[in-house]
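What follows is a set of notes on a single structure, which appears directly below.
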There are 2 protein chains.
Amino acid sequence: MHYHHGDLRRAMLEAATEAIAANGVDRLSIRGLARATDVSHTAFRHHFGDRRGLLTALAAEGYGSMSQVLRAVDRTGPEGFLETGVAYIEWALAHPAHFQVMFEPDLVDMDDPDLREALDGLAGALMMGAADFAGRDQAGDPRTNPLALAAWSLTHGFATLALAGNLPTDGAPVGELARDVLRHLAPPTQPGHPPTEPGHG
Amino acid sequence: MHYHHGDLRRAMLEAATEAIAANGVDRLSIRGLARATDVSHTAFRHHFGDRRGLLTALAAEGYGSMSQVLRAVDRTGPEGFLETGVAYIEWALAHPAHFQVMFEPDLVDMDDPDLREALDGLAGALMMGAADFAGRDQAGDPRTNPLALAAWSLTHGFATLALAGNLPTDGAPVGELARDVLRHLAPPTQPGHPPTEPGHG
DNA sequence: GTGGAATCTTTCCACTGGAAAGACTACGCC
DNA sequence: GGCGTAGTCTTTCCAGTGGAAAGATTCCAC
């Protein structure tokens, strides 16, 4: 046992990831992390400042990881427009702790420069994927393009509901179900009547 | 000031609603609620048991309220299939504290009978609305119908992203944007594998 | 080596949620 | 009226939490 831990910052982030995934972020205890890492409960302050700083770092790590994964997606296939969404969902299910922190602004310090930089990186990756849905001619910015926003909402909603345990995840891999769900996104038809035509038509 | 508060249960729920909407559920303090209600910090225990019990009651209240609103939606118009989704989103934005607690299973006691009953009521209302998306011939159960699940995911995702501050809510009412987004849901146009298998049931 | 910077500990504090026991009040019953 | 019981709230105490401040230890450039 050394006085210097070696890489306490990383160890704390990993311990927090496990603890949040197991018990939820509301039951995350700094002192519990310190015990798991075998340091004093104030050791983390040098690296993160306070509890919120730790969660902010975790969120930034999540933005970076997700951004990296989404940018590596092969979107050239016949259903390439779906792949970013599927990757988004699979990443969320594989990183529940990060995902939970990433989209709860109450938990983090939104003014943190590292966080903002990582978030901007993810936003860029999302726009690339959304452009596949919206059509390559159009901008994929959800702020201006309702179809892109619909793609993001659908993907994010599926991931959120799945993480909250509201989906039948029994047996079949979620990736296939996600594909089936994401396929139901379509451009708008004439306003005034529904774009869906039930089977009896 | 009476020894008996009168309706402490309701007062506590309302104070909690305000506090969560203002600061998020993670910063909700029982003692803070007690101060706001001018009672001792253990007075609530008789009504809710513990902190989790209070959040559980809040979630149940939310399920009941949302269910009631969704069931009152007029779904007969030309775009009636959208109205449940729009009402879902508008309810969520009008009740951010409830919504936040309703879909975070870590925060509540999922075995609470009152909660389960209220949740079942909401599930029924959601299935009615989802059936409008999925087509009236088909079951609107998101557990078996991918289109119904897509409708729920899209609606829920939009509400979640809006509450997290990720949407451009400047100026225009969110209801219209929600309509534009929800209109993008459609049956699959891609050949190949049909997303819905006509299993028996 | 030595001085300074980085890292971790010790100690203390205000605060939190919960347990236990007691005090007050409403209300049916005599 | 008075009485007793159930319901409601308080008082008191406790273990646990996050954070502030100051000190101890180790690393590293020189």
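In what follows, every chain begins at residue 1, and chains take the letters A, B, ... in the order their sequences are listed.
Distance alone, capped at 3.5 Å, places no donor-acceptor pair between the Arg179(A) side chain and the Glu83(A) backbone. For the pair Thr37(B) (side chain) and Val39(B) (backbone), a donor-acceptor distance under 3.5 Å is absent.
When distances are taken from the side chain of Ser29(A) to each of dT17(D), dC8(C), dG18(C), the shortest belongs to dT17(D). Here the side chain of Thr42(A) is nearest to one of dT9(C), dC9(D), dG17(C), namely dT9(C).
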Contacts under 3.5 angstrom, residues 57-73 of chain B side chains, donor-acceptor by atom type, not counting sequence neighbours:
residue  : atom : partner   : partner atom : Å
Glu61(B) : OE1  : His98(B)  : NE2          : 2.7
Tyr63(B) : OH   : Met102(B) : O            : 2.6
Ser65(B) : OG   : Trp91(B)  : NE1          : 2.9
Ser67(B) : OG   : Arg71(B)  : NE           : 3.0
Ser67(B) : OG   : Gly121(B) : O            : 3.3
Arg71(B) : NH2  : Gly121(B) : O            : 2.5

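In this model, the phosphate group of dT8(D) is approached by a side-chain N or O of His46(B) to a distance below 4.0 Å at OP1 or OP2.
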Tabulated below should be each protein N or O lying under 3.5 Å from an N or O of nucleotides 12-14 of chain C; please produce it.
none

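Remark: P of dG18(C) and CZ of Arg27(A) are 11 Å apart, rounded to the nearest angstrom. Following rounding to the nearest Å, Arg51(B) (CZ) and dT17(D) (P) show an atom-to-atom distance of 14 Å.
At the heavy-atom level, Ser40(B) lies under 4.0 Å from base atoms of the strands shown. Across all strands shown, Leu28(B) has heavy atoms under 4.0 Å from sugar-phosphate atoms exclusively, and none from any base. Counting any heavy atom pair closer than 4.0 Å across all strands shown, Phe44(A) reaches sugar-phosphate atoms only and no base atom. Arg35(A) comes within 4.0 angstrom of sugar-phosphate atoms only, judged by non-hydrogen atoms across all strands, and of no base.
Relative ring orientation between Phe103(B) and Tyr88(B) is described as tilted, the plane-to-plane angle lying within the 30° to 60° band.
For the atom pair NE2 of His184(A) and CG of Leu154(B), the computed distance is 12.0 Å after rounding to the nearest 0.5 Å.
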